[in-house]
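To start, the structure itself, in structure tokens.
Quick note: numbers below take in every heavy atom, side chains included, and nothing from hydrogens, waters or symmetry partners.
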Amino acid sequence: MLVHPLPGTNRVQLRDTLANISQKLGNLRGGASPTWEERLFQYLDWADEAARQLSHVVRAEDIERLVLTRRYYVLLNMVGVAGSRSDVGRVVNGLLNLEMDTQVRAFEQAQEALRRVISRWSSLAMFMAFDTNVFMRHPVKFLEIDFEALIAEAGAQHELAQGGGRIHLLLPAVVVAELDRLKEAKSRDHQRWRCGYTLAVLDKTFTDPTAPAALPLPEDATAPRPSEVTVELLIDPIGHVPLPVNDDEIIDRLLAAQDLAARKITLVTYDTHMSTKARKEGLAVIKLDIEIGDEPARR
């Protein structure tokens with residue numbers, strides 16, 4: 001499961017921090033202590049230091065998943081248990097073994113997921129993301145959007161050239177959730193249709209939701225796109241609590257991805273407020289406009 005770095009976290013620093021903590025846990029798991037009390041305190045010392053180090057690079061939910069688990073708090077409550085009865089020591093040692101084995105696997109999975117995403121996102125591409133309103137309000141539906149025209153209109157051809165002429169579109173989970181909600185909402189028929197259409201495209205595109213996929217061509221396409229376009233879901237771990245404002249959640253997920261990709265991510269949106277906020281937080285932005293026409297006559 002991929003961890004979620006705090007904005008501004010260097011991906012090499014994150015990788016090294018996970019490796020260092022994991023190595024210390026492995027050494028502790030394989031070591032021997034004279035008493036169960038000593039072993040318990042060694043583990044709690046490791047957990048305290050691990051949580052402190054992780055607090056500088058990942059979100060609290062990742063620390064809870066990797067270190068401060070429910071079993072950790074059970075073990076913490078064993079501090080001060082009266083006496084040194086053998087049955088108490090046996091129970092504590094059993095809990096310690098189970099917890100450390102589980103945490104070793106969790107850190108291994110986190111490191112492997114991080115290694116895969118860094119390797120995948122290190123290849124040349126211009127990274128982009130669409131706000132939900134792009135799927136609903138753009139003059140043409142998703143598969144017919146002219147990515148090169150969007151980029152040219154924003155004067156971002158240099159970024160596309162730096163990406164080797166390839167475009168990688170990231171879809172935060174909250175965007176997919178919004179589309180799911182809006183397709184059932186009491187909104188305009190056109191907007192509901194666009195949401196359902198986009199979700200159907202995504203459903204067909206991602207045979208494996210954990211891996212990137214090539215964006216399909218429209219059914220009536222007579223030629224390939226000028227640029228190669230791939231798309232990837234940013235799936236949140238089970239238990240992830242999104243920020244209460246969807247715009248903030250989208251920006252937060254993209255900032256985390258931007259640090260892992262080690263390059264700018266360009267957000268495309270029709271929303272002026274979101275555009276301003278995203279620029280302030282360090283994302284590149286393509287702000288789209290809809291022709292508003294002439295001012296209506298006053299009555």
Side-chain angles (χ1 to χ4, degrees), residues 5 7-11 117-176 178-179 194 198 201-202 205 212-218 221 223-234 246-292:
T9 299
N10 180 280
R11 63 185 188 177
V117 78
I118 288 177
S119 175
R120 185 167 70 244
W121 288 358
S122 292
S123 60
L124 285 176
M126 178 180 179
F127 277 53
M128 300 179 70
F130 285 174
D131 188 7
T132 313
N133 55 41
V134 176
F135 297 107
M136 299 172 61
R137 301 174 63 187
H138 196 276
V140 299
K141 55 194 180 188
F142 180 30
L143 291 184
E144 297 174 358
I145 291 176
D146 188 337
F147 285 81
E148 290 77 11
L150 284 180
I151 293 168
E153 184 177 348
Q157 297 96 323
H158 178 65
E159 286 79 0
L160 180 58
Q162 280 190 322
R166 295 177 56 239
I167 298 167
H168 191 56
L169 183 68
L170 299 176
L171 292 175
V174 66
V175 171
V176 180
E178 276 194 292
L179 291 170
R194 276 289 187 88
T198 303
V201 168
L202 297 178
T205 300
L215 187 65
L217 292 169
R225 292 186 178 88
S227 299
E228 177 188 348
V229 181
T230 51
V231 60
E232 180 174 355
L233 295 171
L234 296 180
N246 284 346
D247 285 0
D248 292 347
E249 175 70 8
I250 292 171
I251 291 172
D252 181 72
R253 296 296 84 213
L254 294 179
L255 288 172
Q258 183 168 263
D259 291 323
L260 292 178
R263 73 198 66 193
K264 280 283 188 180
I265 293 177
T266 300
L267 172 67
V268 183
T269 182
Y270 281 97
D271 191 327
T272 300
H273 180 256
M274 186 176 190
S275 168
T276 303
K277 185 181 291 187
R279 285 193 178 97
K280 174 181 175 293
E281 295 299 330
L283 295 172
V285 175
I286 294 177
K287 170 65 171 60
L288 303 179
D289 296 303
I290 293 179
E291 181 61 48
I292 62 174

CG of Leu283 to CG of Leu267, rounded to nearest 0.5 Å, is 6.5 Å
Is any side-chain heavy atom of Gln258 closer than 4.5 Å to one of Pro5?
no
From NZ (Lys287) to OG1 (Thr269), nearest 0.5 Å:
7.5 Å
So, using salt bridge (Lys or Arg N to Asp or Glu O under 4.0 Å) as the criterion, who are the partners of Glu159 when residues are at least two apart?
none
Taking the side chain as every heavy atom from C-beta outward, state whether Phe130 and Thr198 have any pair of such atoms under 4.5 Å apart.
no
Rounded to the nearest 0.5 Å, the CG atom of Asp271 sits from the CG atom of Leu288 at a distance of 11.0 Å
So which atom in Pro216 and which in Leu143 form the shortest heavy-atom distance, rounded to 0.1 Å?
O-CD2, 3.3 Å
Quick one, Leu202 and Phe142 - any side-chain contact, counting heavy atoms below 4.5 Å?
yes
Can you find a pair of side-chain heavy atoms, one from Thr132 and one from Asn246, that are under 4.5 Å apart?
no
Which atom of Ser227 lies closest to which atom of Gly165, heavy atoms considered
CB-O, 3.1 Å
CG of Leu150 to CG of Leu160: how many Å apart, nearest 0.5 Å?
11.5 Å
Has the side chain of Arg166 got a donor or acceptor atom that lies under 3.5 Å from a matching backbone atom of Ser123?
no
Tell me whether Glu232 contacts the main-chain N or O of His168 through its side chain, where contact means a donor paired with an acceptor under 3.5 Å.
no
Which atom pair, heavy atoms only, marks the closest approach of Leu170 to Ala257?
CD1-CB, 4.0 Å
Any heavy-atom pair between the side chains of Asp146 and Val140 that's under 4.5 Å?
no
Mind checking whether Met126 and Ile151 have side chains closer than 4.5 Å, heavy atoms only?
yes
Are there over 12 heavy-atom neighbours, none belonging to Gln157, within less than 6.0 Å of that residue's CD?
yes
Whether Lys264 side chain and Gly282 backbone form a donor-acceptor pair below 3.5 Å
yes
Among residues at least two apart in sequence or on other chains, which ones pass ring-ring contact (aromatic ring centres under 6.0 Å, His included) with Tyr270?
none
Tell me whether Arg263 contacts the main-chain N or O of Ala261 through its side chain, where contact means a donor paired with an acceptor under 3.5 Å.
yes
Given Arg253 and Val175, is the side chain to side chain contact (heavy atoms under 4.5 Å, CB included) satisfied, shown in steps?
CA-CA 11 Å; Arg253 296 296 84 213; Val175 171; over 6 Å; no
Walk me through it: do Val268 and Met128 pass the test side chain to side chain contact (heavy atoms under 4.5 Å, CB included)?
CA-CA 7 Å; Val268 183; Met128 300 179 70; 3.5 Å; yes
Close side-chain approach of Leu254 and Phe127, heavy atoms under 4.5 Å
no
Shortest non-hydrogen pair, Ala278 vs Val285, comes out as CB-CG2, 3.7 Å
Using a 4.5 Å cut-off on heavy atoms from C-beta on, say whether the side chain of Asn133 contacts that of Met274.
no
Can you tell me how far NZ of Lys277 sits from CG of Asp248, rounded to the nearest 0.5 angstrom?
3.5 Å
Are Arg11 and Ser122 close enough that a side-chain donor and a side-chain acceptor fall under 3.5 Å?
yes
Output yes when a side-chain donor or acceptor of Arg194 lies under 3.5 Å from a complementary backbone atom of His138, and no otherwise.
yes
Separation between CG of Asn10 and CG of Leu260, rounded to the nearest 0.5 Å:
10.0 Å
Given Ile145, Leu217, Ile167, the one that forms side-chain contact (heavy atoms from CB on, under 4.5 Å) with Val229:
Ile167
